[in-house]
Amino acid sequence: MKCHRMLSKFSSKLLVHVALVLAFVLGYWSGFLLNEDFCYESCCRQRLKTFQEKREKLELFDKKTTFLVVMIMTGPGNREQRRAMRETWLQLAQDRPILHYFIIGTADLDQSRLKGLQEEYKHYGDLVLLRSHNDSYRQLSSKLLSSLRWLQRNINFKFLLKADDDTFARLDLIYSRLLNQPPRKFYWGYFDGRARVHRKGKWAEKEWNLCDHYLPHALGGGYVLSSDLVDYVANNAALLKAYRSEDVSLGAWLAPLDIERRHDIDFDTEYMSRGCLNSYLVTHKQSSKQMREKHRNLQRHRVICPSQFETRSPYNYNWAVPPSKCCIPGFNLSETRMHISPIS
């Protein structure tokens with residue numbers, strides 16, 4: 001009888017582990033995550049926890065490791081923009097520990113377009129194809145969530161630079177600045193807290209009911225996050241509300257956290273570029289031609305703007321007042337260029 005019980009116990013354990021392994025193999029690469037909904041008995045939950053811990057240890061051997069990872073949101077048809085970025089500012093990574101990835105939703109693509117992306121991936125190896133997402137404005141926030149979860153599973157890194165495919169970034173300068181920055185509780189970009197909620201147009205937020213303004217957020221043309229904030233968002237993805245704008249959504253997700261929010265006017269990431277200054281770390285709304293011109297200037301003159309100009313002034317961010325009164329136009333460029341939120 002004792003032998004029979006031992007054999008029965010062994011068979012039960014074997015079946016559970018076989019089931020878990022099969023679930024892992026079938027679901028992991030499609031983004032499926034095992035959870036307690038599939039185990040009702042406490043013993044099963046414990047076995048699941050043990051399996052997940054073993055899986056996480058195994059993943060550590062497969063992950064790439066870098067200091068800075070650049071995540072670029074792009075559309076399936078924007079091949080020219082991707083090529084321009086690879087041939088210009090992404091070259092500034094050189095021998096530094098920097099990796100980049102272009103994020104593309106492929107759920108609604110026909111076989112011909114999907115084949116084209118697969119060929120591009122084989123050639124460059126820098127595409128992340130999200131099969132569960134249509135690439136549209138309506139899904140930008142959910143695309144961001146899925147991208148951050150992918151990064152958490154596949155890359156060990158200290159900082160993330162999120163950019164768009166019309167962004168030009170001084171990777172060399174950003175990397176140098178981050179070397180002296182502790183890789184935790186850090187959110188860096190050009191912040192806005194005064195923007196009123198869009199109720200019409202493609203950015204209309206019909207489900208935003210937090211307040212009459214968007215919460216403070218770094219504008220989406222380019223911002224930096226420390227890896228712990230990426231982990232926070234990825235770990236809580238199932239609980240987070242995705243709004244129409246991905247930068248607005250991220251600001252809302254991080255709003256309750258005690259972190260450093262660094263407003264930097266050298267992130268030129270508003271709805272249109274403010275001009276061309278050699279101090280700019282990130283410039284948004286750039287065509288492929290403008291990217292190539294800036295890169296040529298950098299190679300020939302060691303600056304991106306031989307002739308500097310501004311079409312309008314940036315603003316200071318005052319963290320001591322309500323967000324609706326945050327932003328003072330006509331900021332004096334002779335003053336400090338960074339404004340940091342206090343951390344308790």
Side-chain angles (χ1 to χ4, degrees), residues 24-25 27-34 51-74 79 81-83 85-106 117-133 143-165 167 169-188 222-237 246 250 282:
F24 170 67
V25 171
Y28 178 75
W29 291 112
S30 62
F32 172 75
L33 294 177
L34 290 168
F51 176 79
Q52 288 174 324
E53 289 172 351
K54 290 180 180 178
R55 186 191 68 184
E56 289 167 1
K57 290 179 181 178
L58 182 63
E59 287 173 1
L60 292 176
F61 295 99
D62 297 330
K63 284 187 175 183
K64 293 182 179 180
T65 298
T66 191
F67 179 79
L68 173 64
V69 61
V70 183
M71 183 178 75
I72 305 161
M73 298 296 191
T74 183
R79 189 164 186 166
Q81 288 95 315
R82 293 192 290 275
R83 184 172 67 176
M85 297 172 91
R86 292 186 187 106
E87 294 174 356
T88 59
W89 62 270
L90 288 175
Q91 294 290 322
L92 298 175
Q94 296 179 340
D95 297 326
R96 300 178 178 91
I98 301 174
L99 296 174
H100 74 270
Y101 296 95
F102 292 97
I103 314 296
I104 305 173
T106 62
L117 289 174
Q118 291 169 342
E119 291 174 353
E120 185 179 350
Y121 170 77
K122 289 178 182 178
H123 186 74
Y124 295 104
D126 59 2
L127 302 185
V128 175
L129 306 179
L130 302 177
R131 298 180 181 179
S132 60
H133 286 273
K143 180 180 178 180
L144 176 64
L145 276 176
S146 294
S147 303
L148 297 181
R149 292 175 65 189
W150 182 89
L151 285 177
Q152 184 193 50
R153 292 197 302 268
N154 292 279
I155 312 293
N156 285 320
F157 61 97
K158 300 294 185 183
F159 296 98
L160 161 70
L161 169 64
K162 181 270 171 183
D164 292 336
D165 62 10
T167 295
R170 288 294 306 272
L171 278 186
D172 51 340
L173 299 182
I174 293 171
Y175 173 79
S176 297
R177 299 275 186 92
L178 289 174
L179 284 177
N180 298 317
Q181 174 66 38
R184 58 185 180 275
K185 302 174 70 173
F186 185 58
Y187 185 16
W188 182 24
Y223 53 76
V224 172
L225 295 172
S226 53
S227 58
D228 58 340
L229 299 187
V230 173
D231 287 340
Y232 170 81
V233 173
N235 290 337
N236 292 283
E246 54 87 9
L250 182 65
V282 177

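Starting from 1, each residue takes its place in the sequence as its number.
Pairing each heavy atom of Ala169 with each of Leu92, the nearest pair is O-CD1, 3.8 Å. Pairing each heavy atom of Val69 with each of Tyr101, the nearest pair is CG2-CD1, 3.9 Å. When all heavy atoms are compared, the tightest approach of Ser227 to Pro183 is OG-O, 4.3 Å. Nearest heavy-atom pair, Arg82 versus Thr74, reported as atom, atom and distance to 0.1 Å: NH1-OG1, 3.1 Å. For the pair Ser147 and Leu130, the tightest heavy-atom approach, listed with the atom from each and the gap, is OG-CD1, 3.9 Å. Minimum heavy-atom separation, Asp165 to Gln81: O-CB, 3.5 Å.
A cation-pi contact links Arg86 to Tyr124, judged by a cut-off of 6.0 Å to the six-membered ring centre and 45° from its axis.
Between Arg96 atom CZ and Leu179 atom CG the span is 9.0 Å, to the nearest 0.5 Å. The distance from the CG atom of Leu148 to the CZ atom of Arg153 is 11.0 Å, given to the nearest 0.5 Å. Residue Leu151 holds its CG atom at 11.0 Å from CG of Asn156, rounded to the nearest 0.5 Å. Between the CD1 atom in Ile103 and the NZ atom in Lys162 there is a gap of 11.0 Å [rounded to 0.5 Å]. Leu129 CG to Glu120 CD: the interatomic distance, rounded to the nearest 0.5 Å, is 9.0 Å. Here the straight-line distance linking atom CG of Leu160 with atom OH of Tyr223 works out to 7.5 Å at 0.5 Å rounding.
Checking side-chain atoms of Thr66 against main-chain N and O of Ile98 turns up a donor-acceptor pair under 3.5 Å. No donor-acceptor pair under 3.5 Å is formed between the side chain of Thr167 and the backbone N or O of Ala163.
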Could you walk me through whether Gln118 and Leu127 pass the side chain to side chain contact (heavy atoms under 4.5 Å, CB included) test, one step at a time?
CA-CA 9 Å; Gln118 291 169 342; Leu127 302 185; over 6 Å; no
Could you walk me through whether Arg184 and Ser226 pass the side chain to side chain donor-acceptor pair (under 3.5 Å) check?
CA-CA 5 Å; Arg184 58 185 180 275; Ser226 53; over 6 Å; no
Chi angles and distances behind the side chain to side chain contact (heavy atoms under 4.5 Å, CB included) call for Leu68, Leu171:
CA-CA 9 Å; Leu68 173 64; Leu171 278 186; 4.2 Å; yes
Worked check of side chain to side chain contact (heavy atoms under 4.5 Å, CB included) between Lys63 and Ile155:
CA-CA 5 Å; Lys63 284 187 175 183; Ile155 312 293; over 6 Å; no
For a side chain to side chain contact (heavy atoms under 4.5 Å, CB included) check, start with the C-alpha distance between Phe157 and Phe67, then their side-chain angles and the critical distance, and finish with the verdict.
CA-CA 5 Å; Phe157 61 97; Phe67 179 79; over 6 Å; no
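Under the 4.5 Å side-chain criterion, counting only non-hydrogen atoms from C-beta, Leu178 is in contact with Phe186. When side chains are defined from C-beta on, Val233 does not count as touching Gln152, because their heavy atoms never get closer than 4.5 Å. Put simply, the side chain of Leu225 does not reach to within 4.5 Å of the side chain of Trp188, judged on heavy atoms. For the pair Ile72/Leu90, a side-chain contact is recorded, criterion being any heavy-atom separation below 4.5 Å from C-beta on.
The aromatic rings of His100 and Phe102 sit perpendicular, their planes meeting at an angle over 60°, well past the 30° parallel limit.
Under a cut-off of 6.0 angstrom, the local environment of NZ in Lys143 is crowded, with over 12 non-hydrogen atoms contributed by other residues, nucleotides or ligands.
At a cut-off of 3.5 Å, with distance as the only test, no side-chain donor of Gln94 or Asp172 sits close to an acceptor on the other residue.
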